[in-house]
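Structure first, commentary second.
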Amino acid sequence: MNILITGGAGYIGSHTLIELDNAGYSFIIFDNLSNAPTESLNRVEKIINKSIIFEQGDIRDAQALKNVFLNYSINSVIHFAGLKAVGESVAQPLKYYDNNVVGTLRLLEVMQEFHCKKIVFSSSATVYGDPESSPIKEDFPTGATTNPYGRTKYIIEEILKDLCVSDPEFKSVILRYFNPVGAHESGTMGEDPNGIPNNLMPFISQIAVGKREYLKVFGGDYATHDGTGVRDYIHVVDLALAHVKAIDYLSSEQFSREHSIFNIGTGQGYSVLDMVKAYVKASDKKIPYKIIERRAGDIATCFACPNYAKEILDWEATRTIDDMCKDSYQWQSNNPDGYKNLQENNGSFKF
Ligand code: NAD
Ligand code: UFG
């Protein structure tokens with residue numbers, strides 16, 4: 001029996017493959033490569049020292065999905081596939097609703113057709129919008145999202161809840177990630193954003209290796225300990241391990257529908273300047289920065305209460321911000337152009 005991993009060539013998916021393999025699970029990867037190179041999968045193969053099965057395809061293509069279900073025995077799905085750039089979702093909302101929402105509908109229809117009724121879904125803290133307070137608990141209000149990307153996550157969560165009500169055999173686990181950062185400790189895998197990074201950690205990493213000049217800190221006047229935005233950064237390997245626990249839980253006697261949505265964070269909030277300091281310490285590089293105006297749509301503070309994941313899934317983050325910065329820097333300094341160089345040398349495409 002295999003797990004189908006949609007979006008498995010991407011940043012979080014590729015790290016999760018390694019932890020699934022360590023835990024003895026087998027899987028099939030399904031990805032349209034719209035935001036990932038196959039090189040990430042080559043690196044996974046090197047780490048786990050075995051070949052993996054990859055099927056290139058789009059989750060909106062029902063026939064392509066059906067072919068995978070026909071060709072392999074699949075009993076559950078981890079659904080990472082999706083577009084994730086907040087700014088792009090504001091500029092091109094239909095692209096996001098089509099890819100993320102329509103794509104998930106197609107996937108769920110095919111799963112139903114093949115009686116595959118277990119799914120882990122990649123949601124996001126973005127479903128909480130601008131929360132009244134932090135730490136955020138799972139029963140805080142959701143839906144007041146600030147951009148189309150966030151709305152796709154909220155809509156998919158609601159679709160999954162409705163589906164589980166309509167079909168008592170259908171089981172879903174929704175993981176609401178906070179801010180995933182860091183890289184595999186081997187230094188061979190990590191985040192490889194396309195173009196200028198939107199997110200803090202990849203931007204800092206590119207400054208550390210001399211690819212960018214300085215960090216624009218978006219806002220120095222928030223009601224936080226140093227005026228800069230506070231987030232709950234989580235190491236991508238801890239996040240990957242949460243998926244293994246979620247898959248274990250879906251198949252366990254303990255599974256209950258009432259307990260199926262989890263915050264995946266550390267419970268610690270760090271500011272932008274805290275992250276800069278930690279990165280300087282980990283890399284021994286200078287990270288120049290300038291505080292500029294706030295970025296539209298940003299909130300002051302967002303960190304998780306992760307107690308529920310600990311209690312029910314038996315999962316908690318163990319990696320510190322020093323680990324996150326050290327591993328990010330190791331990845332970025334070993335691979336200043338991400339997976340790109342190798343892809344170009346291979347003659348295969350990248351983005
Ligand atoms: P990523 O872009 O690195 O990975 C997503 C993968 O999905 C890519 O490999 C891409 O090629 C693939 N994909 C996209 N659309 C597809 C489609 N229609 N059919 C098949 N494959 C498709 O992103 P990531 O950071 O690994 O994120 C994984 C998931 O977690 C996404 O759903 C994202 O929204 C969610 N998430 C990410 C973050 C974050 O900050 N990275 C935070 C919260 C939630
Ligand atoms: N920041 C800067 N300068 C930058 C980039 C970011 O100061 O160049 C600041 C932001 O203002 C924010 C913090 O760094 O205070 C983190 O910003 P990110 O862009 O890294 O992350 P966000 O919290 O804005 O959003 C991320 C993902 C979203 C996801 C959300 C919650 O990008 O997809 O976490 O999970 F929805």
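Atoms within a ligand are numbered from 1 in the order they appear, just like the ligands themselves. Numbers here simply count residues along the sequence, with the first being 1.
- Near Tyr177, meaning under 4.0 Å from one of its heavy atoms, ligand 2 places the atoms 35 (O).
- Given atom 37 (C) of ligand 1, the protein heavy atom at minimum distance is Ile12 CD1, 3.8 Å.
- Scanning the protein for heavy atoms near atom 9 (C) of ligand 2, the closest one is Val272 CG2, 3.6 Å.
- Residues Ile156 and Leu105 fail the side-chain proximity criterion, which asks for heavy atoms closer than 4.5 Å.
- Shown are Thr142, Thr145, Asn263; of these, the side-chain hydrogen bond (donor to acceptor under 3.5 Å, both in side chains) with Tyr128 is made only by Asn263.
- Ligand 2 lies out of reach of Tyr214, whose nearest heavy atom is not under 4.0 Å from it.
- Listed for the Ser124 side chain is a donor-acceptor partner under 3.5 Å among the backbone atoms of Thr126.
- Closest to atom 18 (N) of ligand 1 among all protein heavy atoms lies Asn99 OD1, 2.9 Å.
- Ionic pairing of Glu185 and Lys326 is not present here: no N-O contact between side-chain nitrogen and carboxylate oxygen is shorter than 4.0 angstrom.
- Using a 4.0 Å cut-off to heavy atoms of Asn179, the atoms of ligand 2 that qualify are 21 (O), 22 (P), 23 (O), 26 (C), 34 (O).
- Polar contact with ligand 2: absent for Phe203 (N/O pair, distance under 3.5 Å).
- Taking the six-membered ring for Trp and the full ring otherwise, the centers of Phe255 and Tyr249 sit less than 6.0 Å from each other.
- The nearest protein atom to atom 33 (O) of ligand 2, hydrogens excluded, is given as Tyr149 CE2, 3.3 Å; this is a heavy-atom distance.
- Using modelled atom types, no side-chain atom of Arg231 and backbone atom of Ser271 make a donor-acceptor pair closer than 3.5 Å.
- No side-chain donor-acceptor contact under 3.5 Å links Lys171 to the backbone of Val120.
- Protein heavy atom closest to atom 2 (C) of ligand 2, with residue, atom name and distance, is Phe218 CD1, 3.3 Å.
- Checking side-chain atoms of Asn32 against main-chain N and O of Gly57 turns up no donor-acceptor pair under 3.5 Å.
- Taking atom 2 (O) of ligand 1 as the reference point, the nearest protein heavy-atom neighbour is Asn35 ND2, 2.7 Å.
- Of all atoms in ligand 1, numbered sequentially from 1 with element shown, those under 4.0 Å from a heavy atom of Ala36 are 9 (O), 11 (O).
- Counting heavy atoms only, Tyr149 comes closest to atom 36 (N) of ligand 1 of the residues Tyr149, Phe30, Phe178.
- The closest non-hydrogen atom to atom 30 (O) of ligand 1, taken over Phe121, Tyr96, Tyr177, comes from Tyr177.
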Original post:
What do the steps show when you test Glu45 against Lys50 for salt bridge (Lys or Arg N to Asp or Glu O under 4.0 Å), and what is the final call?
Top reply: CA-CA 5 Å; Glu45 286 185 329; Lys50 61 174 80 138; over 6 Å; no
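- Note on Lys137 versus Asp139: no salt bridge recorded, every NZ/NE/NH1/NH2 to OD/OE distance being 4.0 Å or above.
- Of the protein's heavy atoms, Asp31 OD1, 2.7 Å lies nearest to atom 11 (O) of ligand 1.
- Using a 4.0 Å cut-off between heavy atoms, Arg294 makes no contact with ligand 2 at all.
- Between Asp31 and Gln56 the shortest side-chain heavy-atom distance does not fall below 4.5 Å.
- Nearest non-hydrogen protein atom to atom 27 (C) of ligand 2 is Asn199 ND2, 3.9 Å.
- By the 3.5 Å distance cut-off applied to N or O atoms, Ala9 is not counted among the residues near ligand 1.
- On a distance-only criterion, Ile299 and ligand 2 share no N/O pair closer than 3.5 Å.
- Polar contact with ligand 2: absent for Val217 (N/O pair, distance under 3.5 Å).
- Closest to atom 25 (O) of ligand 1, if we only count protein heavy atoms, is Lys84 NZ, 2.8 Å.
- Using a 30° and 60° split on the angle between ring planes, Phe121 and His79 fall in the tilted class, from 30° to 60°.
- Residue-ligand proximity, Ala125 to ligand 2, at heavy-atom distances under 4.0 Å covers atoms 31 (C), 35 (O).
- Among protein heavy atoms, the minimum distance from atom 24 (O) of ligand 2 is reached at Arg295 NH2, 3.0 Å.
- Heavy-atom contacts of Thr126 reach the following atoms of ligand 2: 31 (C), 36 (F) (cutoff under 4.0 Å).
- Among all protein heavy atoms, the one lying closest to atom 31 (C) of ligand 2 is Ser124 OG, 3.5 Å.
- Residue-ligand proximity: Ile59 is placed with a non-hydrogen atom under 4.0 Å from ligand 1.
- Look at Glu39 and Arg43 and you find a salt bridge, because one of the NZ, NE, NH1 or NH2 atoms lies within 4.0 Å of a carboxylate O, short of that distance.
- Checked by atom type and distance alone, the side chain of Arg294 pairs as donor or acceptor with a backbone atom of Asp221 at under 3.5 Å.
- Taking the charged nitrogens against the carboxylate oxygens, Asp98 and Lys95 have no contact shorter than 4.0 Å, which rules out a salt bridge.
- When the options Ala81, Gly8, Ser122 are ranked by their closest heavy atom to atom 35 (C) of ligand 1, first place goes to Ser122.
- Given atom 10 (C) of ligand 2, the protein heavy atom at minimum distance is Asp298 OD2, 3.4 Å.
- Among the atoms of Ser123, none of the N or O lies under 3.5 angstrom from an N or O of ligand 1.
- Below 30°, between 30° and 60°, or above 60°: for Phe80 and His243 the angle between ring planes is between 30° and 60°, a tilted geometry.
- Only the backbone of Leu33 comes within contact range of ligand 1, with a heavy atom under 4.0 Å; no side-chain atom does.
- Polar contact check, Phe80 against ligand 1: a nitrogen or oxygen pair lies under 3.5 Å apart.
- Remark: ligand 2 atoms within the under-4.0 Å shell around heavy atoms of Asn198 are 5 (C), 19 (O).
- Between Asp327 and Arg319, no side-chain nitrogen of the basic residue sits less than 4.0 Å from a carboxylate oxygen of the acidic one, so the salt-bridge criterion is not met.
- At a threshold of 4.0 Å, the pair Arg106-Asp58 does not count as salt-bridged, since none of the basic side-chain nitrogens sits closer than that to a carboxylate oxygen.
- A donor-acceptor pair under 3.5 Å is absent between the side-chain atoms of Asn100 and the main chain of Gly82, judged by distance alone.
- When Leu163, Leu4, Ile78, Leu108 are each tested for a side chain to side chain contact (heavy atoms under 4.5 Å, CB included) with Ile119, only one passes: Leu108.
- For ligand 2, the atoms sitting less than 4.0 Å from at least one non-hydrogen atom of Phe178 are 35 (O), numbered in the order shown with element in parentheses.
- Below 3.5 Å of separation, one finds an N or O of Lys153 facing an N or O of ligand 1.
- Residue contacts with ligand 2 for Tyr233 involve side-chain atoms from C-beta outward but no N, CA, C or O (heavy atoms, distance under 4.0 Å).
- Here Tyr339 and Trp331 bring their ring centres to under 6.0 angstrom of each other.
- Annotation: atom 20 (O) of ligand 2 to nearest protein heavy atom, Leu200 N, 2.9 Å.
- In terms of protein heavy-atom proximity, atom 17 (C) of ligand 1 is closest to Asn32 ND2, 3.2 Å.
- Given atom 3 (O) of ligand 1, the protein heavy atom at minimum distance is Tyr11 N, 2.8 Å.
- Nearest to atom 14 (C) of ligand 1 by heavy atom, out of Gly57, Gly150, Gly82, is Gly82.
- Closest protein heavy atom to atom 40 (O) of ligand 1: Pro180 CD, 3.4 Å.
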